Amino acid sequence: MVPASLFSWGGLATPAGFVLIVGGGFLVGFGARYADGCTSGHAISGLANLQLSSLAAVVGFFVGGLIVTHVLLPLIL
């Protein structure tokens, strides 16, 4: 069910694969710094402590992921 053109070593050598890897890495790093922690830290520790800022961050992570998956990714590929 997974397209080999996207999830293979050959797919990484394409310009689209390079943009996805570098862009995704940048966005993960930027988001972790901007939200004062990584996604796992907010989702596990922050929500366990009932912190409102962690709830907002986790909701933002999910919404951002859905937007990228359904809007941006089809435009890039």
Side-chain angles (χ1 to χ4, degrees):
M1 294 306 217
V2 178
S5 61
L6 293 178
F7 298 97
S8 66
W9 290 109
L12 296 177
T14 64
F18 181 76
V19 167
L20 287 175
I21 290 172
V22 172
F26 174 77
L27 290 174
V28 166
F30 176 79
R33 180 67 182 133
Y34 187 71
D36 291 331
C38 67
T39 55
S40 300
H42 276 296
I44 296 170
S45 299
L47 292 179
N49 290 326
L50 301 176
Q51 295 180 358
L52 188 58
S53 62
S54 291
L55 177 63
V58 170
V59 168
F61 295 146
F62 275 101
V63 170
L66 289 172
I67 289 171
V68 168
T69 300
H70 294 291
V71 176
L72 265 168
L73 198 59
L75 293 175
I76 294 172
L77 301 175

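Please read these numbers as outputs of a predicted model, since none were measured by experiment.
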Linking I/L/V/M/F/W/Y whenever their side-chain heavy atoms sit closer than 4.5 Å, directly or via other members, would Val63 and Leu47 fall into one cluster?
yes

Connected via hydrophobic side-chain network under 4.5 Å: Leu20 and Val71
no

Should Phe26 and Val22 be marked as a side chain to side chain contact (heavy atoms under 4.5 Å, CB included) after you check the CA-CA gap, both sets of side-chain angles, and the distance that decides it?
CA-CA 6 Å; Phe26 174 77; Val22 172; 5.6 Å; no

First locate atom OG1 of Thr14, then atom CD1 of Ile21, and finally report the distance between them rounded to the nearest 0.5 Å.
8.0 Å

Locate the shortest heavy-atom distance separating Gly46 from Ser54; write the atom from each residue and the value.
CA-OG, 3.2 Å

How far apart are the closest heavy atoms of Val68 and Pro74, and which atoms are they?
O-CD, 4.4 Å

Cluster check Phe62, Val59: I/L/V/M/F/W/Y, side chain < 4.5 angstrom
yes

Interatomic spacing from CG in Leu73 to CD1 in Ile67 - rounded to 0.5 Å:
13.5 Å

